[in-house]
Amino acid sequence: MVASPDKIRPIALANWLFAVAVMVIVMVAVGGITRLTESGLSITEWKPITGAIPPLSEAAWQAEFDLYKATGEYKNVTGPAGMDLAAFKFIYFWEWFHRLWGRLIGLAFALPLAWFWVRGAIPQGYKLRLVGLLALGGLQGVFGWFMVKSGLNETMTDVSHFMLSLHFMTAMITLAALVWTALDFRRLAAGHTGKARWTATASWVGALLFIQLVLAAWVAGLNAGLASDSWPLMQGRLIPEFDASRGLFYAMTHDPYLVHWLHRWWAWVVVAALIVMARKVKPIERRASVAIHSAFGTQILLGIATVMTGVALWLAVAHQVVGALLVASFTWAAHLLGRKA
């Protein structure tokens, strides 16, 4: 159906995408809790439709618990620690809610998309992008399952930190794409027909931020946040001891002490880049500059506090949520710079 000028409502499309972006940020928080409570392997099957319904009887709960007992996590960690059915229900809830929220995000995107499409309310040139966003959301669910599957054997006690980073980075890319497209629609609503372009500044700052986010996911996947409870030193040293027996590259991607150290100090490279970006965007929109400074400043403080408290749950989750807000702030600034170009 061809979009009719009198039916196009860019501001409604923008508000819809911003709402979905907020849901993605909530998902980051729920995902963080799921990871920090070691809940991710509690559901051992992927049932995209019927999995939305949790166990409704004690027999069903026991069947789910029995499936979990076959995992390496139960045999080597939670089982020896004395996990019972009540404790299993707690971790099951977080993984179930994490998956349920993902389904709700899918519905919150797909149903309005269909409605706008049928009404001919989508401006020319945006349909393919919106379908791509829908596909990206579906891919996120697939990556999530492969991440869980990577930890479902008798030897693994956690999911692969590489699969975790793929799952997490897909969420961050989706968030950025939602914000960018929503900003395009807001610009269209204001009467500007030209779309924002991706600039050189956005590329190099985004690349540095991308590396930091990958390192963050590896820290989570390797439980590397527990490698040190002091700052700025680790083990009383600037550079901690780490296992380099299999080469430096292997250590940089597998050793929790070195990965923690890299995440800790690469942050300052990213901060310097973000300051440059914020200075460039300040003459265009001061609020975007303030948003970037506020996000990375809060993020640094939360990161230090998370380390020094031995990864307190609420601080670690807040650290992840502000990381998502930093991605949104970066996207806002990148979009503004693209308008100037």
Side-chain angles (χ1 to χ4, degrees), residues 18 21-22 24-29 31-32 35-36 165 168-169 171-180 182-183 196 198-220 224-225 228 230-234 238 259-309 311-312 314-338 340:
F18 278 132
V22 170
V24 172
I25 293 173
V26 173
M27 178 63 115
V28 171
R35 174 61 195 156
L36 291 162
S165 64
F168 177 69
M169 292 309 299
M172 292 298 97
I173 291 170
T174 302
L175 174 61
L178 286 166
V179 171
W180 184 281
L183 290 171
W198 190 258
T199 64
T201 299
S203 293
W204 69 266
V205 176
L208 298 178
L209 179 59
F210 185 93
I211 293 171
Q212 179 68 351
L213 291 170
V214 170
L215 288 170
W218 290 355
V219 167
S228 174
S230 60
W231 190 91
L233 302 181
M234 294 178 63
L238 180 61
V259 170
H260 179 125
W261 183 85
L262 289 169
H263 181 59
R264 178 181 293 201
W265 294 108
W266 187 257
W268 298 103
V269 176
V270 178
V271 164
L274 289 170
I275 289 173
V276 172
M277 187 179 207
R279 287 177 64 87
K280 287 190 174 186
V281 81
K282 185 176 180 180
I284 307 170
E285 176 58 80
R286 184 176 181 275
R287 292 179 302 168
S289 177
V290 171
I292 289 177
H293 281 92
S294 299
F296 76 63
T298 304
Q299 184 72 335
I300 289 170
L301 294 175
L302 285 171
I304 294 171
T306 299
V307 166
M308 298 189 73
T309 58
V311 191
W314 73 273
L315 284 170
V317 172
H319 186 55
Q320 289 191 202
V321 170
V322 175
L325 293 175
L326 180 59
V327 170
S329 299
F330 160 80
T331 305
W332 183 16
H335 195 272
L336 286 165
L337 292 175
K340 181 183 177 182

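By convention here, the first residue in the shown sequence is residue 1. What you see is a predicted model, and the numbers here were worked out from it, not measured in a lab.
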To the nearest 0.5 Å, how far apart are [atom1] in [X] and [atom2] in [Y]?
| X | Y | atom1 | atom2 | value |
| --- | --- | --- | --- | --- |
| L337 | W332 | CG | CH2 | 12.0 Å |
| F296 | L325 | CZ | CG | 14.5 Å |
| T199 | H335 | OG1 | NE2 | 11.5 Å |
| I304 | T309 | CD1 | OG1 | 11.5 Å |
| Q320 | T306 | CD | OG1 | 9.0 Å |
| M172 | T331 | CE | OG1 | 10.0 Å |

Just do the side chain to side chain contact (heavy atoms under 4.5 Å, CB included) check on V271 and Q299 with the steps written out, would you? CA-CA 10 Å; V271 164; Q299 184 72 335; over 6 Å; no

For [Y], does its backbone N or O pair with a side-chain atom of [X] as donor and acceptor, under 3.5 Å?
| X | Y | answer |
| --- | --- | --- |
| R264 | P232 | yes |
| T298 | A295 | no |
| W198 | A334 | no |

Over all heavy atoms of both residues, which pair between [X] and [Y] is shortest? Give the atoms and the distance, please.
| X | Y | result |
| --- | --- | --- |
| W204 | A273 | CZ3-CB, 3.5 Å |
| S289 | V281 | N-CG1, 3.9 Å |
| A316 | V311 | CB-CG1, 3.9 Å |
| S228 | L233 | OG-O, 3.8 Å |
| I284 | L336 | CD1-O, 4.0 Å |
| W266 | L208 | NE1-O, 3.1 Å |

Should [X] and [Y] count as side-chain neighbours, where that means a heavy-atom distance under 4.5 Å?
| X | Y | answer |
| --- | --- | --- |
| L326 | L209 | yes |
| W180 | L183 | no |
| V276 | V205 | no |
| V290 | K282 | no |
| V270 | F210 | no |

Show, in sequence, the C-alpha distance, side-chain angles and deciding distance for L238 and W265, and conclude whether the side chain to side chain contact (heavy atoms under 4.5 Å, CB included) test is met. CA-CA 10 Å; L238 180 61; W265 294 108; 4.2 Å; yes

In chain order, what residues pass the salt bridge (charged side-chain N to carboxylate O under 4.0 Å, His left out) check against R287, with sequence neighbours excluded?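 For R287, the residues satisfying salt bridge (charged side-chain N to carboxylate O under 4.0 Å, His left out) (neighbours in sequence not counted) are E285.
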
Determine the interplanar angle of the H263 and H319 rings, folded into 0 to 90°, and report it as parallel if under 30°, tilted if 30 to 60°, perpendicular if over 60°.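 It falls in the perpendicular class, over 60°.
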
Positive for side-chain contact (heavy atoms from CB on, under 4.5 Å) with V322, one of V28, I25, L302: L302

Set of ring pair (Phe, Tyr, Trp, His ring centres under 6.0 Å) partners for F168, sequence neighbours left out: none

One pair to check against side chain to side chain contact (heavy atoms under 4.5 Å, CB included): H293 and L274. What are the steps and the verdict? CA-CA 8 Å; H293 281 92; L274 289 170; over 6 Å; no

